[in-house]
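Quick note on labels: first sequence line is chain A, next is B, and so on, each numbered from 1.
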2 protein chains.
Amino acid sequence: MAQQYDRDDMLKLGNQLCFPLYAASRLVQRMYHPLLEPHGLTYAQYIVLMVLWEDAPSAVSHIAERTILNTNTITPLLKRLEQQGHITRTRSPQDERVVMIELTDSGRDLHNELGDVPEKLYGSLGSSDEELWALKQQLHRFIEQLQVVVEDE
Amino acid sequence: MAQQYDRDDMLKLGNQLCFPLYAASRLVQRMYHPLLEPHGLTYAQYIVLMVLWEDAPSAVSHIAERTILNTNTITPLLKRLEQQGHITRTRSPQDERVVMIELTDSGRDLHNELGDVPEKLYGSLGSSDEELWALKQQLHRFIEQLQVVVEDE
DNA sequence: GCTTATTATATCGCATACGATATAATCGAG
DNA sequence: CTCGATTATATCGTATGCGATATAATAAGC
C-alpha cells in the first residue's frame, strides 16, 4: 500500500488501514452493547464466553490465546464473570500455576439467551452474507500476518 | 452471514465477524506502539494528530466526527496532547460552546518525524498493497453501513 | 424579548487493554 | 538433586472508550 501514495498522503486518515479497522471494531461493539447490556454483559465478557461455550473448562492462558488478549486483561475480566456467577475459577491440582475456568449453569444458560444476537446484529445490515463472509476471511488472513510480525518483536 | 450456520455455530468465535475486527485492530495497535512510544504518543493520540495534520485548526466535534469517537473520549486525550505541548485548546470567540484545537510547532514537527511510520509498518507484512487496499475499501463500505445502523438507535 | 429546544464540551464512573513487574510453580540441564 | 530458565497468573499504573449526566452557550419559535 506504500507505493500508492506520496509521503504526505501516507499520513492521511482516509488512506490508513489501521483506522477503518479501529472504527469498524468500535462501531460493531456499539451495536452489541444494547443486546448484551440487559444480560449484564460487556462486549469483552461476551467474547470470552464464546470461547468457553466451545471449550470449557479452559485454562486462562488458553482463553488469552483464543481471544488474542493478554492474560492480565483476561484475569480481571474473569473475576467479574465469577462475581456475576457465570463461571468458577480454580487452581489446577496438576499444575498449580494454572487457573481453570468452568461455566456454571448460569453461564451455560447465557448461550441460549444470547443465541440470536449475531442474527439480530447482522440482519440489520445492508451487506450480503457473501460480503460479510469475504470480509471475515480477509481479516483472518491479515491477522495471521500481524501475529507473525507482533510475535517477532 | 446468518444463513450459513445453524444456531450453535452462530456463537462460535471463528464464525464471528466482530472478533477478527477486534483482534486485527488490537494487533495493528500493538505494531504501532513501539514506533509511537519513543515520541511519547499513544495510538489514539496518533489518530487524532492525523486528523489535525490534515485539518487544523479544528473543533473538538469535528475531530470526534472524523475519528468516530465520542467527544468525552476526545477531550481528555486532547488535554494530554496539550500538556505535552503538541496542541493548544481555546474557546471560539464566535461560539463559546466550541473549543478550537490548533497544532503547535512541536505538533507539526511530529508530522515529519512520524512520516515513515506507515511504511515501516506495512512494509513488514506479507500482504501485497493490492490486498491491503482491497481490505481497506471493504472496511470503508462496512463502516458506512454500521454508521447507518448505529445512528438509528 | 422570552422561553424552550438543541448543541458543544466537561465530568463521573466503570470496564477494558496493555506494558511493566512481581510471585509462585514447574521444567530441564548438568 | 540442585539451580537456573521458563511458564502462568496476579498486581500496578496509565490511557483509553463509552454510557450517563451536568453545565453553559446558541438557536429557534412564538
Side-chain angles (χ1 to χ4, degrees), chain A residues 19 22-49 58-65 67-84 89-101 150-151 153, chain B residues 22-49 58-65 67-84 89-101 150 153:
Chain A
F19 178 70
Y22 180 52
S25 182
R26 285 185 294 102
L27 285 165
V28 163
Q29 290 178 48
R30 286 189 202 174
M31 284 183 69
Y32 272 96
H33 180 262
L35 302 174
L36 297 175
E37 201 266 335
H39 302 274
L41 292 177
T42 64
Y43 178 77
Q45 288 173 329
Y46 171 70
I47 296 291
V48 166
L49 282 171
S58 284
V60 168
S61 53
H62 175 72
I63 297 171
E65 190 179 337
T67 57
I68 313 180
L69 287 162
N70 287 2
T71 56
N72 60 351
T73 296
I74 297 290
T75 294
L77 198 153
L78 289 170
K79 285 184 173 182
R80 281 186 286 274
L81 280 173
E82 183 183 38
Q83 263 191 331
Q84 290 168 279
R89 301 168 59 247
T90 48
R91 288 283 169 182
S92 168
Q94 285 81 28
D95 185 335
E96 291 180 12
R97 294 173 296 180
V98 170
V99 172
M100 294 304 292
I101 308 299
V150 167
E151 273 152 24
E153 281 165 8
Chain B
Y22 180 51
S25 182
R26 286 184 295 102
L27 285 166
V28 164
Q29 289 177 49
R30 286 188 202 175
M31 284 182 69
Y32 272 96
H33 180 262
L35 302 174
L36 297 174
E37 200 267 334
H39 302 274
L41 292 177
T42 65
Y43 178 79
Q45 288 174 329
Y46 171 71
I47 296 291
V48 166
L49 282 171
S58 282
V60 168
S61 52
H62 175 72
I63 297 170
E65 189 179 340
T67 57
I68 313 180
L69 287 162
N70 286 4
T71 55
N72 61 350
T73 296
I74 297 290
T75 292
L77 199 153
L78 290 170
K79 286 185 171 179
R80 278 185 288 274
L81 280 173
E82 183 183 38
Q83 262 192 331
Q84 289 170 279
R89 299 169 62 244
T90 46
R91 288 284 167 182
S92 168
Q94 285 82 27
D95 185 335
E96 293 179 12
R97 295 174 295 181
V98 170
V99 172
M100 294 303 293
I101 308 301
V150 166
E153 281 165 10

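Across the protein-nucleic acid pair, B:Gln29 atom CD and D:dT14 atom P stand 20 Å apart, rounded to whole Å. For the pair B:Leu27 CG and C:dC18 C1', the computed distance is 12 Å after rounding to whole Å. Taking atom CD of A:Glu37 as the reference point, atom P of C:dT16 lies 13 Å away to the nearest angstrom. A:Arg80 places its CZ atom 13 Å from the C1' atom of C:dG13, with the value rounded to the nearest Å. Look at CG on A:Leu36: it is 14 Å from C1' on D:dG19, rounded to the nearest Å. Atom CG of A:Leu78 is separated from atom P of C:dA15 by 14 Å (rounded to the nearest Å). Put simply, CG on A:Leu41 is 10 Å from P on C:dT16, counting in whole angstrom units. Atom CD1 in B:Ile63 sits about 13 Å away from atom C1' in C:dA8, given to the nearest Å.
Side-chain N/O atoms of B:Lys79 include one lying less than 4.0 angstrom from OP1 or OP2 on C:dT11. Proximity of A:Thr71 to the phosphate of D:dA10: no side-chain N or O atom is located under 4.0 Å from OP1 or OP2. Taking 4.0 angstrom as the limit, A:Gln45 places a side-chain polar atom (N or O) nearer than this to OP1 or OP2 of C:dT16.
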Please set out all donor-acceptor pairs under 3.5 angstrom arising from side-chain atoms of residues 90-100 of chain B, sequence neighbours excluded.
| unit_1 | atom_1 | unit_2 | atom_2 | d |
| --- | --- | --- | --- | --- |
| B:Arg91 | NH1 | B:Glu96 | O | 3.1 |
| B:Arg91 | NH1 | B:Arg97 | O | 2.9 |
| B:Ser92 | OG | B:Gln94 | N | 3.2 |
| B:Ser92 | OG | B:Gln94 | OE1 | 3.1 |
| B:Ser92 | OG | B:Asp95 | N | 3.4 |
| B:Asp95 | OD1 | B:Arg97 | N | 3.1 |
| B:Asp95 | OD1 | B:Arg97 | NE | 3.1 |
| B:Asp95 | OD2 | B:Arg97 | NH2 | 3.0 |

Using atom types as modelled, flag every donor-acceptor pair under 3.5 Å from a side chain in residues 72-81 of chain B to any protein atom, sequence neighbours excluded.
| unit_1 | atom_1 | unit_2 | atom_2 | d |
| --- | --- | --- | --- | --- |
| B:Thr75 | OG1 | B:Thr71 | O | 3.1 |

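Distance from the side chain of B:Arg89 is smallest to C:dT9 among C:dA17, C:dT9, C:dA15. Here the nucleotide nearest the side chain of B:Thr42, chosen from D:dT16, D:dT9, C:dT9, is D:dT16. Distances from the side chain of B:Arg91 to the nucleotides D:dT16, C:dA10, D:dT11 place C:dA10 closest.
When heavy atoms are screened at a 4.0 angstrom cut-off, A:Thr73 is found touching base atoms of the nucleic acid. Among the heavy atoms of the strands lying under 4.0 Å from B:Leu77 are primed sugar atoms or P, OP1, OP2 only; no base atom is included. When heavy atoms are screened at a 4.0 angstrom cut-off, A:Thr75 is found touching the sugar-phosphate backbone but no base atom.
Every side chain to side chain contact (heavy atoms under 4.5 Å, CB included) that B:Leu27 has, sequence neighbours left out, goes to A:Ile68, A:Ile143, A:Leu146, A:Gln147, A:Val150, B:Arg30.
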Verify side chain to side chain contact (heavy atoms under 4.5 Å, CB included) between B:His62 and B:Ile101, making sure each step is shown before the conclusion. CA-CA 10 Å; B:His62 175 72; B:Ile101 308 301; over 6 Å; no

*Going through the checks in order, is the side chain to side chain contact (heavy atoms under 4.5 Å, CB included) test met by A:Ile47 and A:Tyr32?*
CA-CA 11 Å; A:Ile47 296 291; A:Tyr32 272 96; over 6 Å; no

What are the atom names and distances for every N/O pair under 3.5 Å that joins the protein to nucleotides 3-5 of chain C?
none

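Residue order along DNA chain D, read from the 5' end via each residue's closest nucleotide, puts A:Val99 first among A:Val99 and A:Tyr22. Mapped onto DNA chain D by nearest heavy atom, B:Pro76 and A:His62 fall at different nucleotides, with A:His62 at the one closer to the 5' end.
To the nearest 0.5 Å, atoms CZ (B:Arg26) and OG1 (A:Thr67) are separated by 6.5 Å. One finds the CD1 atom of A:Ile63 at 9.0 Å from the CG atom of A:Leu49 (value rounded to the nearest 0.5 Å).
Counting only residues at least two apart or on different chains, the side-chain hydrogen bond (donor to acceptor under 3.5 Å, both in side chains) pairs with a member in residues 33-49 of chain B are B:His39-B:Glu113, B:Thr42-B:Gln45, B:Gln45-B:Gln84.
Scanning all heavy atoms of the two residues, the minimum distance from A:Tyr22 to B:Ala44 falls at OH-CB, 3.9 Å.
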Nucleotide by nucleotide, nucleotides 20-27 of chain D touches protein heavy atoms under 4.0 Å in the pattern (B base, S sugar-phosphate only, - none) B----BS-

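B:Ser61 and B:Glu65 share no donor-acceptor pair across their side chains, judged by distance under 3.5 Å alone.
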